[in-house]
Amino acid sequence: MAITAQMVKELREKTGAGMLDCKKALTETDGDMDKAIDFLREKGIASAAKKGDRIAAEGLTYVVTEGNDAVILEVNSETDFVAKNEAFQALVKDLAAHLLKNKPATVEEASAQTMENGATVADHINASIAKIGEKLTLRRFSVTSKTDNDAFGAYIHMGGRISVLSVLEGTTEADAAKDVSMHIAALKPKYVSRDEVSQEEVEHERQVLTQQALNEGKPAKIVEKMVEGRLGKYFEDVCVLDQTFVKNPDQKVRQFVESKGATIREFVRYEVGEGIEKREDNFAEEVMNQIKK
């Protein structure tokens with residue numbers, strides 16, 4: 001497979017490795033991006049490679065809580081200009097209110113539902129597209145509920161670039177729940193606890209770390225012990241309860257939550273455009289396109 005400059009650039013952005021190392025990794029893995037990331041990690045060149053986290057698409061994330069119900073959603077636009085548009089922001093709020101009230105299970109189900117203005121969600125979005133002049137998409141959402149004994153942590157960062165919704169059971173302290181959500185916004189965990197990490201994912205990480213240690217020339221007899229130690233660091237990266245609390249470096253998130261007599265039931269973290277590739281427009285051309293519209 002021919003290795004293109006764009007592929008090398010993408011791998012470099014994902015891993016922070018040098019251009020030549022990235023090209024070699026892609027060549028060795030026949031252009032397979034995920035395998036190239038593992039190749040670099042095994043060589044110790046990319047110690048913290050993250051897959052699929054390239055932020056590209058524009059738009060807004062948003063969170064609304066109402067009593068014991070809450071919704072978090074992401075609505076995409078083509079440019080950041082539109083994300084700052086009052087009409088677009090009104091659309092996001094309209095969609096949030098509808099989702100919270102009607103609680104559809106999927107985007108497809110939501111799109112077919114009728115809003116208070118008599119239009120379907122899909123038609124309401126299309127009307128905004130006609131008004132704003134850009135492709136707009138309800139990409140994803142999550143609706144959840146709690147009891148009177150629990151707390152929602154609703155946090156919106158950077159005007160909607162990142163939103164987090166968490167549920168703490170066993171406490172009604174909304175501020176504590178919000179602190180947890182602020183932490184999640186900053187450190188990007190994937191899971192609440194180690195129990196949620198699949199055995200397949202753990203085994204994959206173990207294999208990568210083992211090969212990495214062997215490539216470092218470590219004696220085989222101590223590699224297993226080293227790998228288990230490094231797995232602990234991996235869990236700290238992906239499990240919120242294992243992470244050091246951003247508001248108190250002397251405390252783990254687990255300790256903070258337990259001090260409130262609570263547990264984290266779940267969380268959802270949305271970051272605008274994560275996992276979506278966006279065409280690389282020339283900035284000047286983007287400005288001119290907006291002026292023309």
Side-chain angles (χ1 to χ4, degrees), residues 13-16 37 41 46-65 70-76 80 83-84 92 96 139-142 144 146 150-171 173-197 201 205 230-260 262-276 278:
E13 289 173 350
K14 289 175 179 287
T15 65
I37 290 173
R41 292 189 62 206
S47 59
K50 295 180 180 179
K51 306 173 187 178
D53 59 354
R54 183 176 175 186
I55 309 303
E58 301 300 336
L60 286 176
T61 62
Y62 192 56
V63 183
V64 178
T65 65
V71 64
I72 180 171
L73 69 158
E74 178 185 358
V75 183
N76 292 132
D80 187 45
K84 297 173 182 176
V92 174
R139 182 188 181 198
R140 52 184 174 170
F141 66 87
S142 179
T144 190
K146 68 174 185 64
D150 309 325
F152 282 133
Y155 179 64
I156 300 174
H157 184 64
M158 295 176 62
R161 292 296 299 179
I162 300 171
S163 289
V164 179
L165 173 62
S166 63
V167 181
L168 263 62
E169 292 185 329
T171 182
E173 290 188 43
D175 287 344
K178 184 177 180 180
D179 284 345
V180 169
S181 289
M182 289 175 66
H183 170 97
I184 291 167
L187 267 68
K188 301 172 67 171
K190 294 168 59 179
Y191 309 103
V192 172
S193 66
R194 299 186 183 195
D195 294 340
E196 295 182 1
V197 186
E201 183 173 341
E205 190 65 19
R230 291 179 179 181
L231 266 179
K233 178 62 173 65
Y234 172 73
F235 285 126
E236 288 180 14
D237 289 338
V238 300
C239 301
V240 64
L241 292 178
D242 287 315
Q243 294 178 336
T244 300
F245 191 32
V246 291
K247 295 191 73 172
N248 182 0
D250 296 325
Q251 193 177 43
K252 295 287 188 180
V253 173
R254 182 191 307 276
Q255 295 170 314
F256 171 74
V257 172
E258 288 176 350
S259 73
K260 304 298 180 180
T263 58
I264 301 176
R265 189 185 83 194
E266 61 181 297
F267 71 83
V268 178
R269 181 190 187 278
Y270 286 165
E271 185 166 346
V272 170
E274 57 192 343
I276 298 177
K278 179 190 175 186

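Keep in mind that this is a model prediction, so the values were computed, not measured.
- Contact detail for T61 and S163: the closest heavy-atom pair is OG1-OG, 2.7 Å.
- Take D242 and apply the salt bridge (charged side-chain N to carboxylate O under 4.0 Å, His left out) test, not counting sequence neighbours, and it matches R194, R254.
- Interatomic distance, CZ of F267 versus OH of Y191, reported as 9.5 Å (0.5 Å rounding).
- Using a 4.0 Å cut-off between a side-chain N of Lys or Arg and a carboxylate O of Asp or Glu, K252 and E258 do not qualify as a salt bridge.
- The two residues D150 and K146 come nearest to each other via the heavy atoms O-NZ, 3.3 Å.
- A distance-only check finds no donor-acceptor pair linking the side chain of H183 to the backbone of F245 [under 3.5 Å].
- Salt bridge status for R140 with E274: present, with a side-chain N to carboxylate O gap under 4.0 Å.
- E236 places no side-chain N or O within donor-acceptor distance of the main-chain N or O of Q243, the cut-off being under 3.5 Å.
- The nearest pair of heavy atoms linking A177 to S166 is O-OG, 3.4 Å.
- Of the possible donor and acceptor atoms, none in the side chain of R269 sits under 3.5 Å from a partner among the backbone N and O of V164.
- Pairing each heavy atom of L241 with each of S193, the nearest pair is CD1-CB, 3.9 Å.
- Under a 3.5 Å cut-off, the side chain of E74 and the backbone N or O of L60 do not form any donor-acceptor pair.
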Practice task
Show your reasoning for whether side chain to side chain contact (heavy atoms under 4.5 Å, CB included) applies to V253 and I264.
Solution key: CA-CA 10 Å; V253 173; I264 301 176; 4.1 Å; yes
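- Side-chain atoms of E196 come within 3.5 Å of backbone N or O of V192 as a donor-acceptor pair.
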